[in-house]
*Asks:* 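Once you've had a glance at the structure underneath, I'll fire off some questions.
Throughout, a chain's letter reflects where its sequence line sits, starting with A, and its residues are numbered from 1. Every heavy atom of this structure was used, including side-chain atoms; hydrogens, water molecules and symmetry mates were not.
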Protein chains: 2
Amino acid sequence: MLSKKCKYAIHALVYLAERHEKGPVQIQDISDDQHIPKKFLEAILLELRHAKILESKKGKGGGYYLIKDPAEVNLMQVMRLIDGPIALLPCVSLNYYERCDECRNEKTCGIRNSLIQVRDETLKILGGSTLAKIVKREKSLKVR
Amino acid sequence: MLSKKCKYAIHALVYLAERHEKGPVQIQDISDDQHIPKKFLEAILLELRHAKILESKKGKGGGYYLIKDPAEVNLMQVMRLIDGPIALLPCVSLNYYERCDECRNEKTCGIRNSLIQVRDETLKILGGSTLAKIVKREKSLKVR
DNA sequence: TTTTTAGTCTACTTAATAAGTAGAGTTTTA
DNA sequence: TAAAACTCTACTTATTAAGTAGACTAAAAA
C-alpha cells in the first residue's frame, strides 16, 4: 500500500501539473483544494523540491511550481522518492536492493521469480503513468 | 513490501508442499530449516490452518500438513490472508475496498486507472504462482 | 527600511503496526 | 501417565507513519 504521504505527493503534483507554467502556487491553495494538512504538505513539497521536480519562490506572490515537463514526471519516480522500494521484497528491488536473511540461497529461491515479474510489470505501468497523462485523463473524465 | 510474517508463511508453505502427503511436519523442523522464530511460526501456521490451507495433528508424531493440492494454493491467496490488500490503494482493492477520503470524486481520479492496471497485472502473476510451480522451479534450480 | 507574505528547517509527539515472546492449557500417543 | 506437539491469550518492544510546533530566512511591497 502507498503511504498517505505518497498519495498526497501525487495529488499535489497533479494539481501543479494542471497549473504548469502559470506561475507559483501557494501551499495553502494546494492544501485547501486537496484536503492535505498544510504542515505535512510543506514537508512533502520540500522533498519534491530537493528531488528537482519542483522549485519554489519565497515572499509575496511566491509558491511552488513544476520545473519538469509533466510528461517527464511519472508515478514510478514519485513512489520511489516518497515510499522507497516498489518491489515486494528487498532482494528483488532494483533501487533498494538488500539481501534476504531468510533464504540461504537467493539463486534457488523459488518465490523471487514471481516477484521479479510483478516488479517488472508494475514498473512498466507506473513508469508510463506521467503527470501529463493523468491530467489529460482527469479532464476527459470530468467532461462527461 | 511484504511483511516478514508473509515471507515466513510462504517459505513454510513451500517447505510443506515439498513434503506433501508424507505425513505431518513439526513446527520445530520448519523453524530450524527456514530460520523462522518458532513462536512466531506457530502463530502463522495456526492462521493457515484456520484458513483451511493446513491441518494439524497434536501429540507425538504430530505436526502440520497441507490439506490442499499444492497446485491449488497460490501467492495471491497467501498474501491476502497474511498481509491483506494487494492493491496499492484501498479504493482500488477488490477484497479490501475502502473509500479514499482524499479524492472527492473517485470516478474522476486520474491515478486510480494506473493503479487498477497494476493491481490486475499483479493478481494475474501472483494468482498463477502456485506452490506446485514454486517447488518445481526450486528443484530445477538446485540441480544445476 | 520596515512589514507582510510565504517557504525552510529542526525537533518534537502520537498512534498504529510489525515482530516477537511468555506461559498456561489441551490433545494424542507410546 | 509422561512426554510430545499443537493452541490460545496476553503481553512487550521497536519501528514507522502521520502530523504538529515554532523559530528562521528570503522576497516584495508599503
*Asks:* Any base atoms under 4.0 Å from Ile27(B), or only sugar-phosphate, or nothing? Heavy atoms, all strands.
*Replies:* sugar-phosphate
*Asks:* So which heavy atom on Gly110(B) is nearest to which on Glu138(A), and how close?
*Replies:* N-OE2, 2.6 Å
*Asks:* When the distance from CD of Glu47(A) to P of dC9(C) is rounded to whole Å, what number comes out?
*Replies:* 12 Å
*Asks:* Between Ser129(A) and Ile125(A), is there a donor-acceptor pair closer than 3.5 Å when you use the side chain of the first and the backbone of the second?
*Replies:* yes
*Asks:* Between P on dA18(C) and CD1 on Ile82(B), what's the gap in Å once rounded to a whole number?
*Replies:* 11 Å
*Asks:* Would you say a side-chain N or O of Arg49(A) is under 4.0 Å from OP1 or OP2 of dA6(C)?
*Replies:* no
*Asks:* I need the CD-P distance between Glu55(B) and dT28(C), as an integer number of Å.
*Replies:* 11 Å
*Asks:* Using five base pairs at each end, measure the axis-to-axis angle across the helix from dT1(C)-dA30(D) to dA30(C)-dT1(D) and round it to 10 degrees.
*Replies:* 0°
*Asks:* Lys38(B) NZ to dA22(C) C1': how many Å, rounded?
*Replies:* 13 Å
*Asks:* Write down the distance between NZ (Lys39(B)) and P (dG23(C)), rounded to a whole number of angstrom.
*Replies:* 10 Å
*Asks:* Can you find a heavy atom in the side chain of Ser114(A) that is under 4.5 Å from one in the side chain of Arg137(B)?
*Replies:* yes
*Asks:* Let me know, please, whether Glu42(A) or Cys6(A) comes out on the 5' side of the other along DNA chain D by nearest nucleotide.
*Replies:* Cys6(A)
*Asks:* Can you pull the ring pair (Phe, Tyr, Trp, His ring centres under 6.0 Å) pairs that have at least one residue in residues 40-82 of chain B, sequence neighbours excluded?
*Replies:* Tyr8(B)-Phe40(B)
*Asks:* Rounded to whole angstrom units, what separation is found between the CG atom of Leu48(A) and the P atom of dC9(C)?
*Replies:* 14 Å
*Asks:* Whole Å only: how far is the CG atom of Asp32(A) from the P atom of dA6(C)?
*Replies:* 12 Å
*Asks:* Quick one: does any side-chain atom of Asn74(A) pair with a main-chain N or O of Thr130(A) as donor and acceptor, under 3.5 Å?
*Replies:* no
*Asks:* Under 3.5 Å, is there a donor-acceptor pair between the side chain of Ser31(B) and the main chain of Ile27(B)?
*Replies:* no
*Asks:* Does the Arg19(A) side chain pair with the main chain of Val25(A), one donor and one acceptor, at a distance under 3.5 Å?
*Replies:* no
*Asks:* Kindly say whether Leu54(A) contributes a backbone atom to a donor-acceptor pair with the side chain of Lys68(A) at under 3.5 angstrom?
*Replies:* no
*Asks:* Is any side-chain N or O of Ser56(A) closer than 4.0 Å to OP1 or OP2 of dT8(C)?
*Replies:* yes
*Asks:* Write down the distance between NE2 (His50(A)) and C1' (dG7(C)), rounded to a whole number of angstrom.
*Replies:* 11 Å
*Asks:* First contact, last contact: which nucleotides of DNA chain D are these for chain A, 5' to 3', heavy-atom distance under 4.0 Å?
*Replies:* dA18(D) to dA28(D)
*Asks:* Under a 3.5 Å distance rule, please check whether Glu72(B) uses its side chain to pair with a backbone N or O of Asp69(B) as donor and acceptor.
*Replies:* no
